[in-house]
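Okay, so here's the structure we're looking at.
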Amino acid sequence: MHCRQLPLTLLVLMFISTSETCTLRKRISAVEGEPFYLKYCPSSSEHENEPTTRKWYKSSGSQGRVELNSSSSPRITLHDYVLEFWPVELDDSGFYFFQMGNSIHNWTLNVIRRTKHSCFAEEQLFSKTVEVKKTLQINCTNNYYEKLAIGTSLYKNCEKIENNKSSFLQKNAEFEDQGYYTCMFFLYHNGKLFNVTKTFNVTIVGDHSYVIPVLLGPQLNHVRVELGKDVQLNCSALLNEKDVLYWNIWENNGKDPNVHEEEERKIRTSEGKWQASRILRIDNINENNLHFSYNCTVAGKEGIDTRSFILLKKEDPVDIPGHIFTRGMIIAVLISVVVVCLVIVGIIYRVDLALFYRHFMGRDETLTGNKYHNPGISYPMVLLRNVIKKH
Ligand SMILES: *[C@@H]1O[C@H](CO)[C@@H](O)[C@H](O)[C@H]1NC(C)=O
Ligand SMILES: *[C@@H]1O[C@H](CO)[C@@H](O)[C@H](O)[C@H]1NC(C)=O
Ligand SMILES: *[C@@H]1O[C@H](CO)[C@@H](O)[C@H](O)[C@H]1NC(C)=O
Ligand SMILES: *[C@@H]1O[C@H](CO)[C@@H](O)[C@H](O)[C@H]1NC(C)=O
Ligand SMILES: *[C@@H]1O[C@H](CO)[C@@H](O)[C@H](O)[C@H]1NC(C)=O
Ligand SMILES: *[C@@H]1O[C@H](CO)[C@@H](O)[C@H](O)[C@H]1NC(C)=O
Ligand SMILES: *[C@@H]1O[C@H](CO)[C@@H](O)[C@H](O)[C@H]1NC(C)=O
Ligand SMILES: *[C@@H]1O[C@H](CO)[C@@H](O)[C@H](O)[C@H]1NC(C)=O
């Protein structure tokens, strides 16, 4: 090893860069078909020491420990502290040992099957959670293979992202950005093209600001029902993730057996808020269910809100709501005004009306002869008398 000849500072630098890429974890997963490596992390004292013999062994299943060398498999290369696979395959799973002098280090390697019709393995994901509207950044880096890579591509849900920087993505997170982002490094080895993947499972979460929970719809709901039928009362709310939505269905003498509260259904709106709904199902409605106030409540640390639902028989009258009452009053007043106007017009044109009337009812003897000569009977009275007579 050449580092012994290097000045100390360079040695330290080299040690740092070495430890960045070495395999610290004891249990490792790799994806079949991809280049893969195991690298022992030498301590600084081991660096300085006389080079000792380094050996790699593998053991799997019933097989004992077998020494690995470059002729063990065309897919294996060994150098310094590194064992490389070009590529790693399913039967490479097992225990690996690195021996240097008297010390032995071991790893457990589990090679996982590539997911069919997918560009990544579901068992080999890096989770990343980003708040909506915050920065989503995907930076494709691979300290070990990057230097060898002839190209890098970024895929979202296995579809290539076309952008200028093929290995870097930065944007304000939206819910649509959720998905699997795969960095793919392409590299050549012995004239063969390989790719190494690194996939992030990106989850976009809503912002953490709280809303005051509120139920949708009017405060009081009258629902017309028929006895013996079923009804579903739907209660929906805008709320926070941890708020609760429930029906108060307990009467003094317990819950009616035909009243069922269904599961809450919660969805996330595009703004990252939560909307929930919960159905109260009443089967085979009976008299007990009528005129009872079924209340739905949403409760959270920001507040509480309630809506009432009352079942009424189809034919039961309901109290006239305020706005309908007002409308009725206006119509009544208008009709009165019209009637008064008609009466006034009638008084003003009473003579013409009388003539008009006589024209039609020419044979009415009460008006013959003495019409204007009877001082005791005013004309309206005559009209009135006629009306009474006719009915
Ligand atoms: C990456 O490598 C795998 C295994 O060799 C291969 O099946 C896949 O097609 C490659 N993907 C690309 C985009 O070249
Ligand atoms: C390499 O290992 C195999 C057994 O795995 C052994 O038969 C062979 O002699 C070894 N070759 C060298 C050069 O050590
Ligand atoms: C691997 O090393 C650990 C100690 O680092 C030891 O406890 C374990 O038994 C070893 N595993 C095998 C399979 O030798
Ligand atoms: C990706 O992350 C989401 C959210 O954490 C999780 O529900 C999902 O199961 C993950 N996907 C895989 C394939 O593990
Ligand atoms: C990507 O990450 C690497 C290493 O973490 C860093 O050096 C590089 O500047 C990052 N790229 C961008 C565009 O931020
Ligand atoms: C790459 O960037 C250049 C200039 O910044 C721009 O003109 C070009 O359209 C970009 N290409 C893509 C594929 O985004
Ligand atoms: C209940 O109402 C909510 C909001 O209006 C709606 O999203 C949901 O689908 C309704 N549920 C049923 C079972 O109709
Ligand atoms: C529902 O609310 C109303 C008014 O707030 C109340 O009078 C009634 O007792 C409540 N019903 C139940 C079952 O809690």
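Just follow the structure's listing: the first ligand is 1, and inside any ligand the first atom is 1. Throughout, residue positions are numbered sequentially from 1 according to the sequence presented.
A heavy-atom separation below 4.0 Å is found between Arg114 and ligand 1. Look at Phe194 and you'll find every heavy atom at least 4.0 Å from all atoms of ligand 1.
The CZ atom of Arg265 lies 11.5 Å from the CD atom of Gln275; values are rounded to the nearest 0.5 Å. Interatomic distance, OG of Ser60 versus OH of Tyr96, reported as 7.5 Å (0.5 Å rounding).
Contact annotation for Met184 and ligand 1: only side-chain heavy atoms (C-beta onward) come within less than 4.0 Å of the ligand.
Ala173 and Glu131 make their closest contact through CB-O, 3.7 Å (heavy atoms, listed as atom of the first residue, atom of the second, distance).
Near Leu125, with a cut-off below 4.0 Å to any heavy atom, the atoms of ligand 4 are 12 (C), 13 (C), 14 (O). Applying the 4.0 Å criterion to heavy atoms of Gly33 picks out, from ligand 1, the atoms 4 (C), 5 (O).
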field: Criterion salt bridge (Lys or Arg N to Asp or Glu O under 4.0 Å) on Lys314 and Glu226, from CA distance to verdict
entry: CA-CA 6 Å; Lys314 270 251 157 70; Glu226 280 176 53; 3.4 Å; yes

query: Should Lys313 and Glu287 be marked as a salt bridge (Lys or Arg N to Asp or Glu O under 4.0 Å) after you check the CA-CA gap, both sets of side-chain angles, and the distance that decides it?
result: CA-CA 9 Å; Lys313 242 195 279 190; Glu287 292 282 350; 3.3 Å; yes

task: Walk me through it: do Phe98 and Tyr40 pass the test ring-ring contact (aromatic ring centres under 6.0 Å, His included)?
output: CA-CA 7 Å; Phe98 175 75; Tyr40 175 66; 4.7 Å; yes

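Within a 6.0 Å sphere centred on NZ of Lys134, other residues, nucleotides and ligands contribute 12 heavy atoms or fewer. Within a 6.0 Å radius of NZ in Lys171, other residues, nucleotides and ligands contribute more than 12 heavy atoms.
For ligand 1, none of its N or O atoms has an N or O atom of Tyr155 under 3.5 Å away. Inclusion of Glu122 in the set of residues having an N or O under 3.5 Å from an N or O of ligand 4 is not warranted.
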Would you mind writing out a table of all protein N or O atoms found under 3.5 Å from any N or O atom of ligand 3, naming both atoms and giving the distance to 0.1 Å?
from, atom 1, to, atom 2, distance (Å)
ligand 3, 2 (O), Asn106, OD1, 3.4
ligand 3, 2 (O), Asn106, ND2, 2.3
ligand 3, 5 (O), Lys26, NZ, 3.2
ligand 3, 11 (N), Asn106, ND2, 3.0

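Tyr155 meets the ring pair (Phe, Tyr, Trp, His ring centres under 6.0 Å) test with no other residue; sequence neighbours excluded.
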